[in-house]
Each structure stands twice: as structure tokens, then as C-alpha cells.
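Comments concern the structure below.
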Amino acid sequence: MAATTTVGRWGNAMALRIPQALCDEMQLSVGDSLEVSLEAGVLVIRRPDERYTLRGRMSSWNGEGRAVSEMDWGEPKGQEAW
């Protein structure tokens, strides 16, 4: 689907309004992150690769390797408040 939009201003940056039909097709919500790049002179807007987001990296974590108790760092040696 193609649509026409106008460049506006948002503070010191330029802004594009994304038509609702495109947002619906991409299942976009307010606050979603998007990756913006220029490829061969064409502005490309896509969802970031989930493998490189915290959510994507943590989706396969099984809890292995987490600390199970406090670590003892020994007696205070200086002016520590704790």
C-alpha cells in the first residue's frame, strides 16, 4: 500500500505522519520503535531486528546463570556508607 504524507516539524526535528491504514497494516502502536535508514536514496522505515533488542534477546533466556545469593565483597576498606 502506498500513501502520500507531508513533512512537518516536531521541535527541532522533521516529522512524518504515518497514515492509519499503514499503521494498521504494520500493527504499529504509539511508542513503538522503528528503524529509519536511507538505502539507495530511498527512505526506509521498518521494525528493528528483534534479535538485537532487549526483548528479543531475553525471549529465549531460561534463567540460567542468575545469581542465587548475595555476593560477599569482604569488610569495608574505606569510607563506605554501607
Side-chain angles (χ1 to χ4, degrees):
M1 168 183 200
T4 301
T5 190
T6 304
V7 176
R9 180 148 311 272
W10 187 352
N12 291 331
M14 301 248 185
L16 290 176
R17 288 184 184 219
I18 303 172
Q20 188 63 48
L22 290 174
C23 291
D24 292 344
E25 192 170 321
M26 287 187 70
Q27 299 177 347
L28 287 178
S29 299
V30 173
D32 285 355
S33 293
L34 295 173
E35 181 180 285
V36 181
S37 62
L38 192 62
E39 298 176 8
V42 176
L43 181 65
V44 178
I45 302 171
R46 65 175 67 116
R47 291 188 177 277
D49 189 339
E50 281 295 312
R51 294 176 297 173
Y52 302 112
T53 65
L54 179 58
R55 183 183 317 270
R57 297 193 67 165
M58 295 304 292
S59 66
S60 62
W61 186 55
N62 62 6
E64 188 176 313
R66 65 184 171 129
V68 292
S69 64
E70 280 189 33
M71 177 157 301
D72 182 9
W73 294 96
E75 294 297 316
K77 301 289 184 193
Q79 301 295 320
E80 292 91 349
W82 41 269

Grab the two heavy atoms, one from [X] and one from [Y], that are nearest each other, plus how far apart they are.
X   : Y   : value
L16 : T6  : CD2-O, 4.1 Å
P48 : S33 : CD-O, 3.3 Å
R46 : S37 : NH1-OG, 4.3 Å

### Task
State the CE-CD1 distance between M26 and I45, to the nearest 0.5 angstrom.
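Answer rounded to 0.5 Å: 8.0 Å.
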### Message
Would the distance check show the side chain of T5 and the main-chain N or O of R17 forming a donor-acceptor pair, the cut-off being under 3.5 Å?
### Response
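Side chain of T5 to backbone of R17, a donor-acceptor pair under 3.5 Å: yes, one is there.
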### Query
With the 4.5 Å side-chain cut-off for hydrophobic clustering, are I18 and V42 part of the same group?
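No, no single cluster joins them.
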### Message
Starting from L34, can I reach M14 by hopping between I/L/V/M/F/W/Y residues whose side chains sit under 4.5 Å apart?
### Response
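Linked within one cluster.
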#### Entry: Residue list, side chain to side chain donor-acceptor pair (under 3.5 Å) with Q20, at least two apart or on another chain
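So Q20 forms a side chain to side chain donor-acceptor pair (under 3.5 Å) with D24.
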### Query
If you count the non-hydrogen atoms of other residues, nucleotides and ligands that lie under 6.0 Å from CZ in R47, is the total more than 12?
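It does: R47 CZ has more than 12 such atoms within range.
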### Query
Any chance CD of E39 has more than 12 other-residue heavy atoms, nucleotides or ligands included, within less than 6.0 Å?
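Above 12, so yes.
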### Task
Name all residues meeting the side-chain contact (heavy atoms from CB on, under 4.5 Å) criterion together with A21; count only those two or more places apart in sequence or in a different chain, and write none if there are none.
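By the side-chain contact (heavy atoms from CB on, under 4.5 Å) rule, A21 matches M1.
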#### Entry: Test log, rule side-chain contact (heavy atoms from CB on, under 4.5 Å), inputs V44 and V36
CA-CA 6 Å; V44 178; V36 181; over 6 Å; no
